[in-house]
Amino acid sequence: MKLLTHNMLTSKCMKGVSIGYPLAIKALDIRTVEVDFNPEFVAKMIPKIDWTVLHGAAESIGQTDLPKEVVDNYENNEEFLKKVHHVLLEVDVIDGELICPETGRKFPINNGIPNMLLNEDEV
Amino acid sequence: MIEEKSHLPNRSNMSKSWTKYLLWFAQEHVDFRFAEINSLMSLFNIEMRFVRKPKDEPYWIVEFPSEVEVKLLASRSVSLRNCIELWAHAPNVQKLHEELKLYPKSLMQPYIQADKSFKIEVDTFCKHFSQKEKVDKLEAFSYLPVDGPVDLKTPDVTFQYIEYYGIIPHCPPEQPYEVFFGRWVASGLRQLIKKLSLKTRKFIGNTSMDPQLSLLMANQAKVTDGSLVLDPFVGSGSLLVAATQFGGYVWGTDIDYLMLHGRTRPSRIHQKTRDRDESVRANMKQYNMEHRYMDVLVNDFATPFWREDFRFDAVITDPPYGIREATERVGTKKEGYEVKAEHLPTHIPAKIEYGISNIYKDLLRFSARHLRVGGRLVCWFPVFREDYTENVLPHHPCLELVSNSEQTLSKVTSRRLLTFEKTREPTEDELDEYPVDIMDFREKYFVIREETRKERRMKEAKIREDDRLRNLNKQS
Ligand SMILES: C[S@@+](CC[C@H](N)C(=O)[O-])C[C@H]1O[C@@H](n2cnc3c(N)ncnc32)[C@H](O)[C@@H]1O
């Protein structure tokens, strides 16, 4: 699971959960896979991202290179975009858990695939 | 020949010089042609007008403002075979030559110079000719003022001569219905269909979509470089494979854990076990598109986990119809049921029926929320042909139906490829319950199957009875 995906997920659909965001991450196995850098794509994603959440999630799994805030004029800042690219798209949580911030419900991640399947009493 | 202009030239059109082109299509999925080309014209903001209203032929005669548009269109179209700048077309061979001789030399000039190698291809659609006959046809063009050398392998310019004998094989007419001559400009993406063949795909499932239809879907969704694409019923990811080819960044969800982990029973007849590394991701890797693979999640579509304000550019999907796979979601009918804590680690959630009408209701509501305005939902919808009217289709006030093409599956059933475009953000009310009455395809499907089974049984019984009587008669 990539941190870009993590940024877009909430457990709000669960019974009794009001915000469910952000999900905490427990990472047991992290892999980095180098992928092609597409600066336009990264720049397009930045306004869609909750930056504070991305920054916090990155730190929680040991990625400490990201500035606390989005820099001005980021579209033209290749160095910044590369850092964001790395954190969003190259860091992959292979094994671990996502955890609902309100109920503590754990969603296992294995083989890089989060399992968000709820039980029949949670929907 | 009658020429129908679909638009009379207005002042802005008059300032451009429109050029005539022949668009030759594959004679496959004919109903999807318009939907694909219209989507691409909208994607690239291209103008095109018909010189003649298309009928059943595998070609259109059209005009474009310039060659740039033709090439853009061909760079993405899977239904197009070839685009040809039309120098002459006529109802018979003799008239064609007369017309070609009138084609202005000034327009030929760039392609007939001494430094331009060329070849002429002879194509006889739906009728076979010997090599000798083809050479004779070719030699009839010896009056063309071409100065360059012939090069059959890598010519600078390719001319095409086409005789069209209709679309019914085995009994072509003596003379062609229509003949064409022109300069080849671009080919469509027929090659890509082969490259993405399911036969050589790393990971497939029982309901993987063939590459041609998958690519058509990505085109109808107007996927382009950097598009965010979701398939909420992703299965083996065949629709996402197509979307990445056009620049889409893709996510998928599926309720089936074993499917996403590549552990279901193999789908190929001769394969005993699946490879350890079969997955949607492995498919992306196979086609060098791993950088556009975002994630897949095990997730019941009835309870999506996406942040409310996350917007996709396209949702492309083939929902379960319940014929070849179950339509289920997590849930229970028991009141106040709770999974006991000691059972949690190994508990497999109970499933309840997820009827077609609820699936489509959820899909349209989801798309009304999670598409950006202007974004598209492209999905299949099963129908009974005899019951079909536009009224049976799912609808939503914020989604406009922009195309609707049919692929017949059997005498009685077909599926329709629907393309919706989001026109505005929904109000809170519109996101809540709203009625869509969709007939459950399966109820009738199984009823009809029952009927036919019963009919067949009766027919077989009658044949047996007839045989018995005949034998009795013989004996007596
Ligand atoms: C027609 S198949 C799609 C096949 C896919 N296009 C492919 O390339 O393999 C429908 C898929 O929907 C999944 N599905 C069924 N019910 C679901 C649900 N409630 N939520 C999410 N996925 C579901 C099935 O597991 C199946 O993989």
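Chain letters run A, B, ... following the sequence lines, proteins first, then strands; residues in each count from 1.
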Heavy-atom donor-acceptor pair, B:Asp277 side chain to B:Ala282 backbone, under 3.5 Å: no
Let me know if A:Phe37 has heavy atoms under 4.5 Å from chain B in its side chain, its backbone, both or neither. neither
What part of A:Asp92 lies closer than 4.5 angstrom to a heavy atom of chain B: side chain, backbone, both or neither? side chain
Chain A contacts, top residue of B:Val330, B:Leu260, B:Asp225 (heavy-atom pairs, under 4.5 Å): B:Val330
Go through the atoms of A:Lys48 and report whether side chain, backbone, both or neither lie under 4.5 Å from a heavy atom of chain B. both
Leading residue by heavy atom contact count with chain B [cutoff under 4.5 Å; candidates A:Lys106, A:Glu90, A:Met45, A:Glu34]: A:Met45
Option in B:Glu290, B:His291, B:Arg281, B:Lys351 with maximal non-hydrogen atom pairs under 4.5 Å from chain A: B:His291
Is it the backbone or the side chain of B:Ile352 that comes under 4.5 Å from a heavy atom of chain A, or both, or neither? neither
Judged by atom type as modelled, is there a donor-acceptor pair below 3.5 Å linking the side chain of B:Ser238 to the main-chain atoms of B:Met209? yes
If contact means a heavy atom pair closer than 4.5 Å, which residues of residues 111-123 of chain A contact chain B? A:Asn111, A:Gly112, A:Ile113, A:Pro114, A:Asn115, A:Met116, A:Leu117, A:Leu118, A:Asn119, A:Glu120, A:Asp121, A:Val123
Picking from B:Thr253, B:Val339, B:Thr332, which has the most non-hydrogen pairs under 4.5 angstrom with chain A? B:Val339
Partners of A:Glu97 by side-chain hydrogen bond (donor to acceptor under 3.5 Å, both in side chains), sequence neighbours excluded? none
With a strict 4.5 Å heavy-atom criterion, list every residue of residues 228-237 of chain B that contacts chain A, or say none. B:Leu228
Give a yes or no answer on whether the side chain of B:Arg376 reaches the backbone of B:Asp313 with a donor-acceptor pair at less than 3.5 Å. no
Side chain, backbone, both or neither: which part of A:Lys12 has a heavy atom under 4.5 Å from chain B? side chain
Under 4.5 Å, heavy atom to heavy atom: which of residues 294-312 of chain B reach chain A? Give them by number, or say none. B:Met294, B:Asp295, B:Val296, B:Leu297, B:Val298, B:Asn299, B:Asp300, B:Thr303, B:Pro304, B:Phe305, B:Trp306, B:Arg307, B:Glu308, B:Phe310, B:Arg311
Indicate yes or no: does B:Lys422 engage B:Glu425 in a salt bridge with an N to O separation below 4.0 Å. yes
For B:Tyr293, which atoms come within 4.5 Å of any heavy atom of chain A: side chain, backbone, both, or neither? both
